[in-house]
Protein chains: 2
Amino acid sequence: MATPIQQNLIDSNKVYASTFTSGHLALPPAKKYAILTCMDARIDPAAAYGIPLGDAHIIRNAGASAKDALRSLVISEQLLGTQEIILIKHTGCGMLTFGNEDATRLVRQNLGDGGVEELVAFGGDFLPFAELETAVKEDVEYLKQNKAIPDSVKISGWVYQVEDGKVKHII
Amino acid sequence: MATPIQQNLIDSNKVYASTFTSGHLALPPAKKYAILTCMDARIDPAAAYGIPLGDAHIIRNAGASAKDALRSLVISEQLLGTQEIILIKHTGCGMLTFGNEDATRLVRQNLGDGGVEELVAFGGDFLPFAELETAVKEDVEYLKQNKAIPDSVKISGWVYQVEDGKVKHII
């Protein structure tokens with residue numbers, strides 16, 4: 001029995017597939033770039049950042065963390081030929097609202113020590129940040145310093161404003 | 001001087017923001033679910049999976065890896081109230097085309113030992129997989145067994161077909 005969420009996926013996809021004409025697109029992104037942005041529900045990268053189907057890798061995680069995205073970015077650059085990274089964090093991000101201690105306490109409270117033990121899979125670091133533009137700059141710097149990303153890859157940092165849909169160039 | 005990619009972002013976003021009317025949406029996803037899918041350029045989750053702005057977290061990484069997404073999923077469930085995970089891998093995925101040894105060799109060839117040393121940040125594991133539906137089942141099982149994801153969270157696994165735009169329920 002499908003959940004309402006699953007039924008929405010099935011029904012919506014049926015409509016999408018009925019007019020789908022992009023089966024010819026190649027695996028490597030046509031425009032050779034990767035977008036890294038947040039998983040936040042209020043962001044639609046294709047629409048807000050102007051990305052037609054097939055043009056770019058789109059990586060999304062909690063906070064648009066560069067560290068968390070490193071595996072995907074190395075695959076994007078080294079195996080699939082992308083040459084530019086656009087990193088976009090956003091206003092009102094959940095990652096500005098808690099610290100590692102808060103999150104760990106919550107997991108322990110809800111799921112016990114067994115739950116907390118699972119967090120070692122990501123070093124127990126939820127990668128929260130205290131100031132938005134500083135976090136953008138630090139993540140761009142992290143990628144620029146990272147020896148697994150070639151110096152030839154262009155990297156820029158941006159903020160998306162969930163209040164008005166605008167992007168702002170930071171670095 | 002903006003790169004052509006950056007200029008496209010600026011120009012496209014100007015158009016998007018000019019008709020933007022969704023500044024009122026709340027931080028937690030309205031429909032309380034998270035989609036985990038691949039960064040592949042040929043996937044537009046909002047359109048293909050039927051996700052209006054504000055409804056769901058959308059997590060994307062190379063291969064729609066559950067392990068790689070664990071931090072984001074725990075934040076989604078524990079801090080932002082989502083109660084269902086929809087995991088969708090896809091046909092023609094790049095992760096089916098190489099192994100860890102191939103990828104590591106390529107990084108060493110292009111970026112030297114310094115590049116390879118950076119891979120420890122993700123344990124040197126690019127998380128490739130050999131068979132698509134098996135990988136979907138294994139990732140769903142990984143999440144079901146993970147004690148940092150409550151048993152109450154519904155988890156299902158799907159395949160998106162890049163050739164015809166259709167999703168298929170696997171588990």
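Naming: A, B, ... by sequence-line order, numbering from 1 per chain.
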Enquirer: With a 4.5 Å cut-off on side-chain heavy atoms, are A:Leu106 and B:Leu79 touching?
Expert: yes
Enquirer: Within the 4.5 Å heavy-atom criterion, are A:Leu25 and B:Val162 side-chain neighbours or not?
Expert: no
Enquirer: Going from CD on B:Gln78 to CZ on A:Phe126, what distance comes out if it is rounded to the nearest 0.5 angstrom?
Expert: 8.0 Å
Enquirer: Could you tell me which portion of A:Ala47 (side chain, backbone, both or neither) has an atom closer than 4.5 angstrom to a non-hydrogen atom of chain B?
Expert: both
Enquirer: Using non-hydrogen atoms only, which part of B:Ser76 is less than 4.5 Å away from chain A: side chain, backbone, both, or neither?
Expert: both
Enquirer: Given the options A:Pro4, A:Ala34, A:Ala26, A:Pro45, which has more heavy-atom pairs under 4.5 Å with chain B than any of the others?
Expert: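 The residue among A:Pro4, A:Ala34, A:Ala26, A:Pro45 with the greatest pair count is A:Ala26.
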Enquirer: Do the side chains of A:Lys147 and B:Val116 get nearer than 4.5 Å, heavy atoms only?
Expert: no
Enquirer: For chain A, find which of B:Asn110, B:Ile51, B:Asp151 contributes the most heavy-atom pairs closer than 4.5 angstrom.
Expert: B:Asn110
Enquirer: Which value, rounded to the nearest 0.5 Å, describes the distance between B:Leu27 atom CG and A:Leu96 atom CG?
Expert: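 Here the interatomic distance stands at 10.0 Å.
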Enquirer: With rounding to the nearest 0.5 angstrom, report the CG to CG distance, A:Asp40 to B:Leu53.
Expert: 9.0 Å
Enquirer: Can you establish whether the number of heavy atoms outside A:Glu101 located under 6.0 Å from its atom CD is more than 12?
Expert: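 No - once you tally the heavy atoms of other residues, nucleotides and ligands closer than 6.0 Å, there are 12 at most.
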Enquirer: B:Asp125 versus chain A, heavy atoms under 4.5 Å apart: side chain, backbone, both or neither?
Expert: backbone
Enquirer: Given that the side chain runs from C-beta out, which part of B:Gln145 has a heavy atom under 4.5 Å from chain A: side chain, backbone, both or neither?
Expert: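 Just its backbone gets close to chain A.
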Enquirer: Between B:Ser72 and A:Ala62, what is the shortest heavy-atom contact and its length?
Expert: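 Closest heavy-atom pair between B:Ser72 and A:Ala62: OG-N, 2.9 Å.
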Enquirer: Taking side chain as everything from C-beta outward and backbone as N, CA, C, O, which of these in B:Glu84 sits under 4.5 Å from a heavy atom of chain A? Side chain, backbone, both or neither.
Expert: side chain
Enquirer: Taking side chain as everything from C-beta outward and backbone as N, CA, C, O, which of these in B:Ala2 sits under 4.5 Å from a heavy atom of chain A? Side chain, backbone, both or neither.
Expert: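 No part of it gets close to chain A.
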Enquirer: Kindly indicate whether the side chain of B:Met39, heavy atoms from C-beta on, has any atom under 4.5 Å from the side chain of A:Ile35.
Expert: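 Of all side-chain heavy-atom pairs linking A:Ile35 with B:Met39, none is under 4.5 Å.
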Enquirer: With a 4.5 angstrom heavy-atom cut-off, which part of B:Gln6 approaches chain A: side chain, backbone, both or neither?
Expert: both
Enquirer: Using a cut-off of under 4.5 Å for heavy-atom pairs, which of B:Pro150, B:Ala48, B:Ala46, B:Ala69 has the most such pairs with chain A?
Expert: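 Top option by heavy-atom pairs under 4.5 Å: B:Ala48.
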Enquirer: Rounded to the nearest 0.5 Å, what separates atom CG in A:Asp55 from atom CG in B:Asn8?
Expert: 7.5 Å
Enquirer: Please classify the contact of B:Leu119 with chain A as side chain, backbone, both or neither, using a heavy-atom distance under 4.5 Å.
Expert: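 Contact with chain A: side chain only.
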Enquirer: Using the six-membered ring wherever Trp is involved, compare the ring planes of B:Tyr160 and A:Tyr16 and label them parallel, tilted or perpendicular (cut-offs 30° and 60°).
Expert: tilted
Enquirer: Under 4.5 Å, heavy atom to heavy atom, which residues of residues 164-171 of chain A contact chain B?
Expert: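 Interface residues of residues 164-171 of chain A: A:Asp164, A:Gly165, A:Lys166, A:Val167.
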Enquirer: Taking every non-hydrogen pair under 4.5 Å, which of A:Ile149, A:Ile59, A:Ile58, A:Thr97 racks up the most with chain B?
Expert: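 Top option by heavy-atom pairs under 4.5 Å: A:Ile58.
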Enquirer: What part of A:Tyr49 gets within 4.5 angstrom of chain B, counting heavy atoms only: side chain, backbone, both, or neither?
Expert: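 For A:Tyr49, the contact with chain B is made by backbone and side chain together.
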Enquirer: For B:Ile86, is it the side chain, the backbone, both or neither that has a heavy atom under 4.5 Å from a heavy atom of chain A?
Expert: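 B:Ile86 touches chain A through side-chain heavy atoms alone.
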Enquirer: Any idea which of B:Leu80, B:Val107, B:Thr3 has the most non-hydrogen atom pairs under 4.5 angstrom with chain A?
Expert: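 Looking at each option in turn, the highest pair count goes to B:Thr3.
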Enquirer: Rounded to the nearest 0.5 Å, how far apart are CG of B:Asn61 and CZ of A:Arg71?
Expert: 5.0 Å
Enquirer: With respect to chain A, which residue among B:Ser65, B:Ala148, B:Pro52 yields the maximal number of heavy-atom pairs within a distance under 4.5 Å?
Expert: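 If we count pairs closer than 4.5 Å to chain A, B:Ala148 comes out on top.
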Enquirer: For chain A, which of B:Ile88, B:Asp68, B:Val74, B:Leu73 has the most heavy-atom pairs under 4.5 Å?
Expert: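 Of the candidates given, the most pairs with chain A belong to B:Asp68.
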Enquirer: Is it the side chain or the backbone of B:Lys31 that comes within 4.5 Å of chain A heavy atoms, both, or neither?
Expert: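 For B:Lys31, backbone and side chain are both near chain A.
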Enquirer: Can you tell me how far the CZ atom of B:Phe122 sits from the CD1 atom of A:Ile75, to the nearest 0.5 Å?
Expert: 6.5 Å
Enquirer: Taking side chain as everything from C-beta outward and backbone as N, CA, C, O, which of these in B:Leu36 sits under 4.5 Å from a heavy atom of chain A? Side chain, backbone, both or neither.
Expert: neither
